Protein chains: 2
Amino acid sequence: MTNAISYTEENYLKAIFSLTLKSKKGASTNDIAKRLETKASSVTDMIKKLAEKGLVDYKKYQGTNLTSEGREVAVGTVRKHRLWEVFLVEKLGFGWDEVHDIAEQLEHIRSKELTVRLDDFLGNPKYDPHGDPIPDKEGNIALHKEVMLEDLKTEDKAVVVGVKDSSTEFLQYLEQTGLVLGAEIEVKEIIAFDKSVSISINKAGAQTVSNLVSKNIYIKKI
Amino acid sequence: MTNAISYTEENYLKAIFSLTLKSKKGASTNDIAKRLETKASSVTDMIKKLAEKGLVDYKKYQGTNLTSEGREVAVGTVRKHRLWEVFLVEKLGFGWDEVHDIAEQLEHIRSKELTVRLDDFLGNPKYDPHGDPIPDKEGNIALHKEVMLEDLKTEDKAVVVGVKDSSTEFLQYLEQTGLVLGAEIEVKEIIAFDKSVSISINKAGAQTVSNLVSKNIYIKKI
DNA sequence: TATTATTTTTAGGCTTGTCTAAAAATATTC
DNA sequence: GAATATTTTTAGACAAGCCTAAAAATAATA
Ligand SMILES: [Mn+2]
Ligand SMILES: [Mn+2]
Ligand SMILES: [Mn+2]
Ligand SMILES: [Mn+2]
């Protein structure tokens with residue numbers, strides 16, 4: 001047990017992973033603190049420990065990046081998180097807005113064999129209930145094609161393939177609006193004033209969603 | 001979060017629960033330490049904390065008993081442990097000798113809704129893969145009828161309904177011997193010298209098992 | 001560029017859960 | 001029943017993770 005990785009460390013690595021996914025700059029101490037709802041000073045402490053263990057690259061005041069070993073741990077945790085989310089929704093019948101907090105716990109269960117068997121039991125899914133890609137056993141992870149609902153023009157047609165914001169409130173709003181994964185949408189009108197957009201969902205009557213909504217929905221044009 | 005119960009506390013409560021199941025004496029500090037593979041001094045510290053929280057009754061040097069609140073937590077944890085074991089064996093195809101350590105982690109996942117749904121998903125099982133009774137939602141738990149293989153007389157017939165020792169080594173031995181849950185046995189001969197017993201399993205040829213084995217197998221006469 | 005403002009780190013301290021070594025209480029044995 | 005053995009508790013310390021307050025570094029602004 002010289003080098004066991006704690007739940008807390010896994011959560012830090014996962015936060016750094018997602019914060020550095022897009023930007024090539026290191027994750028800032030403040031951003032990590034915000035993400036984990038903790039204080040900057042706590043983050044500095046932990047970063048030092050992770051650097052000591054060879055899981056992150058860190059130079060004072062310069063932001064933090066994962067080493068390949070750190071990335072491996074982070075991706076493994078993300079893989080487990082998303083597989084468990086699939087289990088909770090597909091097998092236990094939870095709503096997509098109810099599974100995050102439980103998966104946040106389940107992702108820390110330590111057993112390679114369990115992950116393999118769970119993956120098989122679920123039919124080796126490629127996406128989680130929010131449309132996020134599930135890393136494979138080797139840690140390869142598909143990147144989200146960065147097309148959002150807000151990028152569409154009038155008369156464009158598309159399918160909802162994911163959500164950027166996975167908060168309960170947002171997911172419940174989408175559920176009730178009908179903007180769930182797989183929904184077909186057509187853009188009827190874009191209101192220049194506030195960038196809100198009028199769309200029809202599954203060929204039903206038009207409804208309007210704000211830009212805050214349209215910029216948080218991944219779509220694929222058809 | 002004034003009164004959240006930690007994983008560690010849950011493990012202590014569970015240990016005290018199982019140690020006090022049969023004997024009406026409180027669990028001794030040393031026994032708890034042995035069970036949890038920790039030191040007596042650590043146990044004393046923790047017992048004090050649990051007493052403070054109203055989860056155990058404790059008087060110095062007198063041994064420890066659960067309060068009704070402590071029992072509730074312990075039984076809830078046992079319930080989750082055993083439900084997860086059923087999941088691992090029935091749904092993921094693990095062997096009965098492989099599931100204990102994983103369930104030891106899964107039992108700490110906090111979500112009432114999860115437990116309810118898991119129970120339903122599994123078909124509300126009454127026993128875990130080792131024949132141990134699963135407490136119901138209200139915390140009622142069937143007691144093992146205390147009939148062991150060693151209690152049988154020559155020519156008695158019985159079915160294996162559980163194991164007292166759930167160690168990997170013992171379970172693997174039973175697997176290979178054919179003494180799994182549901183196996184029908186008939187006692188052919190009891191060797192007085194060392195209390196070993198010759199039995200036929202599922203009507204096959206006789207084989208001999210030691211008293212250490214026969215005293216760790218729960219049976220039901222037929 | 002000098003002055004603010006913000007970010008990050010350090011200093012010091014707290015809680016949880018663990019340990020070893022020693023003291024105190026209880027049990028056992030002669 | 002006194003001496004010895006065992007069990008249990010206390011004393012003091014440590015690592016992990018967290019905090020607040022203050023200092024140091026960097027970024028933004030005038
Ligand atoms: Mn987590
Ligand atoms: Mn997700
Ligand atoms: Mn446990
Ligand atoms: Mn069991």
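Worth saying up front: this structure is predicted, and the values here are computed from it rather than measured. In the text below, chain A, chain B and the rest are named by the order of the sequence lines, each starting its count at 1.
- Backbone-only engagement by Lys48(A) is indicated by non-hydrogen atom pairs under 4.0 Å involving sugar-phosphate atoms exclusively.
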Each nucleotide in nucleotides 11-17 of chain D should get exactly one letter: B, S or -. Can you fill that in based on protein heavy atoms under 4.0 Å? -----SS

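- Of the charged side-chain nitrogens involved, at least one lies within less than 4.0 Å of a carboxylate oxygen, so that Lys14(A) and Glu107(A) count as a salt-bridged pair.
- Between Lys80(B) and Glu85(B), no side-chain nitrogen of the basic residue sits less than 4.0 Å from a carboxylate oxygen of the acidic one, so the salt-bridge criterion is not met.
- Using a 4.0 Å cut-off between a side-chain N of Lys or Arg and a carboxylate O of Asp or Glu, Arg110(B) and Glu104(A) do not qualify as a salt bridge.
- Nearer to the 5' terminus of DNA chain D, by closest-nucleotide assignment, is the contact made by Ala40(A) (compared with the other of Gln62(A) and Ala40(A)).
- As a whole-Å value, the separation of Tyr61(A) OH from dT26(D) P is 7 Å.
- Listed by chain and number, the residues in a ring pair (Phe, Tyr, Trp, His ring centres under 6.0 Å) with Phe170(A) amount to none (sequence neighbours excluded).
- Over its length, the helix from dT1(C)-dA30(D) to dC30(C)-dG1(D) turns its helix axis by 0°, as judged from the five terminal pairs at each end, rounded to 10°.
- Proximity of a side-chain donor or acceptor of Lys126(B) to a complementary backbone N or O of Asn124(B) within less than 3.5 Å is detected.
- At least one test fails for Lys49(A) against the ring of Tyr12(A): distance under 6.0 Å to the centre or angle within 45° of the axis.
- There is no side-chain donor-acceptor pair under 3.5 Å between Arg117(A) and Ser111(A).
- No more than 12 heavy-atom neighbours from other residues, nucleotides or ligands sit within 6.0 angstrom of NZ on Lys164(B).
- What you find for Ala27(B) and Leu19(B) is that their closest heavy atoms are CB-CB, 3.9 Å.
- Listed pair Lys60(A) / dA25(D) fails the phosphate criterion, with no side-chain N or O lying under 4.0 Å from OP1 or OP2.
- Residues from residues 20-34 of chain B lying near DNA chain D, meaning a heavy-atom separation below 4.0 Å, are Ser28(B), Thr29(B), Asn30(B) in numerical order.
- Remark: the backbone N or O of Pro135(B) is paired with a side-chain donor or acceptor of Arg79(B) at under 3.5 angstrom.
- Residue Glu72(B) qualifies as open at atom CD: its count of foreign heavy atoms under 6.0 Å is 12 or below.
- Applying the ring pair (Phe, Tyr, Trp, His ring centres under 6.0 Å) test to pairs two or more places apart or on separate chains, those with a residue in residues 87-120 of chain B are Phe87(A)-Phe87(B), Tyr7(B)-His108(B), His81(B)-His100(B), Trp84(B)-Phe87(B).
- Taking a heavy-atom distance under 4.0 Å as the criterion, the stretch of DNA chain C touched by chain A extends 5' to 3' from dT7(C) to dT10(C).
- Shortest non-hydrogen contact noted between Val99(A) and Leu88(A) is CG1-CB, 3.6 Å.
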